[in-house]
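Please read the structure below before turning to the comments.
What you see below is based on every heavy atom in this structure, not just the backbone, and it leaves out hydrogens, waters and symmetry mates.
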Amino acid sequence: MSKQGEYRSRHTYDDRADERRSARGLDRTVEDGAYTRARKDLERAYPRSAVKEVNERKRRPLPIPDAIRLPPSSRQRKARSVAKHQAQSNLSRIGYRETHRLITDAQTWVGVGDALTEVGGDAQLLPEEARAQVQRIDRAIQTAERGNDRGHVVYCAVSLPHELPEQPQNLPSTLQEGARIEFDRFTMTTHAIHELDEVIGDQEVVFEMETTRGMYLGRSDSVDDTAHLLPRGLQWDVVGAHEGRYQRPDGSLARCRIVQLREIAEEQP
């Protein structure tokens, strides 16, 4: 649940952004074509959202900066666990196998992530075998999304190439309010910040992300595990950065540098 951040030159950053925009433009062309749904998904650069509709009572907005972040309630964890088991029962055998390998085998996680970073997250630029693997995982996540009617606020730690500045306003411009960022890779997150305690240090910020996407992988309320896998290719608006507080299971409070992100939802055809 930690991502490695790095700085790129402005030229490289802009070139990569142009390549992503072009790929998303081709995705819109594919959506307008007279293909089957399955064929459209195979031809896309980035996976579409399969979330049908989120219950307004179950939306989860980003907390206000002064809020104390609490772990999800027992009721929420049980509900998400039930939905997880329902989704797993609908997964194809090969989809289950590929997703399980991704999240349990460190070499696979790094290999798939590095391959996606190399092509800006565009599955169509991957070798055939790697593309098939990635799209099987895409379909597994979409299976979970089809049964989801909840919003999520999830967290992951991001390591910067240097120690954190004293003031949030001195973070890199790409992490400042109004910026837009994209995740080329699959991202492992959690619904509770305290599960990141072991990886939060002097160089880590915590991304606090509002989204409807992804697959819950955590347990019910009997185990301290609220893991959540986000799909590749997500786009985010940076809402702001601040020092935030969160509560651990023992009731103690801790602080970390939080960067809030809100998912940019793709327009549905």
Side-chain angles (χ1 to χ4, degrees), residues 1-8 13 16 60 62-72 102-104 106-107 109-114 116-117 121 152-211 213-214 216-218 224-232 234-263:
M1 282 175 273
S2 177
K3 296 174 74 73
Q4 188 68 43
E6 62 180 38
Y7 295 143
R8 300 179 183 271
Y13 183 88
R16 184 57 66 92
R60 292 201 66 203
L62 290 168
I64 61 174
D66 289 341
I68 297 175
R69 278 74 174 175
L70 304 175
L102 176 76
I103 65 177
T104 59
Q107 185 175 354
W109 178 262
V110 172
V112 170
D114 287 350
L116 286 168
T117 294
H152 316 299
V153 173
V154 292
Y155 302 89
C156 76
V158 176
S159 298
L160 300 183
H162 52 71
E163 290 190 4
L164 298 181
E166 291 187 6
Q167 301 299 325
Q169 59 265 32
N170 293 328
L171 286 168
S173 60
T174 50
L175 299 181
Q176 295 291 345
E177 180 180 355
R180 289 193 172 190
I181 60 177
E182 300 194 38
F183 291 176
D184 295 331
R185 302 175 176 227
F186 297 102
T187 303
M188 187 63 74
T189 67
T190 174
H191 288 258
I193 299 184
H194 74 265
E195 293 177 37
L196 302 175
D197 275 349
E198 291 185 0
V199 297
I200 297 176
D202 294 335
Q203 294 182 214
E204 281 72 37
V205 297
V206 172
F207 280 177
E208 181 174 57
M209 299 167 280
E210 178 184 338
T211 182
R213 303 291 303 278
Y216 185 73
L217 299 172
D224 194 24
D225 176 8
T226 60
H228 189 103
L229 179 65
L230 292 180
R232 62 187 175 89
L234 291 183
Q235 303 178 88
W236 307 90
D237 278 327
V238 179
V239 177
H242 57 270
E243 288 289 326
R245 295 177 295 170
Y246 62 96
Q247 187 178 82
R248 298 185 174 112
D250 63 5
S252 64
L253 297 181
R255 291 179 174 270
C256 65
R257 185 68 54 81
I258 290 175
V259 177
Q260 292 187 315
L261 309 179
R262 182 175 290 117
E263 178 200 346

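Side-chain atoms of T226 and Y155, non-hydrogen and from C-beta on, never get closer than 4.5 Å to each other. Counting heavy atoms from C-beta outward, T189 and F207 have side chains that stay 4.5 Å or more apart. No side-chain heavy atom of L234 sits less than 4.5 Å from a side-chain heavy atom of T187. A heavy-atom distance below 4.5 Å is found between the side chains of M209 and L230.
How far CG of L164 is from CD of Q203: 8.0 Å, rounded to the nearest 0.5 Å. Considering OH of Y216 and OG1 of T190, their distance stands at 8.0 Å, rounded to 0.5 Å. Here the CG-CZ distance, from L70 to R245, works out to 10.5 Å after rounding to the nearest 0.5 Å. The distance from atom CG of L261 to atom OG1 of T211, rounded to the nearest 0.5 Å, is 10.5 Å. Taking NE2 of H228 as the start and CG of L217 as the end, the distance is 8.0 Å to the nearest 0.5 Å. With values rounded to the nearest 0.5 angstrom, E195 atom CD is found 6.0 Å from D225 atom CG.
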Discussion item. Set out, in order, the CA-CA distance, both residues' side-chain angles and the distance that settles side-chain contact (heavy atoms from CB on, under 4.5 Å) for H194 and D224, then state yes or no.
Written reply: CA-CA 10 Å; H194 74 265; D224 194 24; 2.9 Å; yes

Worksheet item: Yes or no on salt bridge (charged side-chain N to carboxylate O under 4.0 Å, His left out) for R185 and D114, after CA distance, side-chain angles and deciding distance?
Response: CA-CA 8 Å; R185 302 175 176 227; D114 287 350; 2.5 Å; yes

Practice prompt. Could you give me the CA-CA distance, side-chain angles and deciding distance for E182 and R16, then say whether salt bridge (charged side-chain N to carboxylate O under 4.0 Å, His left out) is met?
Written response: CA-CA 10 Å; E182 300 194 38; R16 184 57 66 92; over 6 Å; no

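No option in R262, H242, R69 other than R69 meets the side-chain hydrogen bond (donor to acceptor under 3.5 Å, both in side chains) test with E208.
Ring geometry for H191 against H152 counts as perpendicular: the plane angle is over 60°, on a 0 to 90° scale with 30° as the lower cut.
For D250, the side chain to side chain donor-acceptor pair (under 3.5 Å) criterion is met by S252, not counting sequence neighbours.
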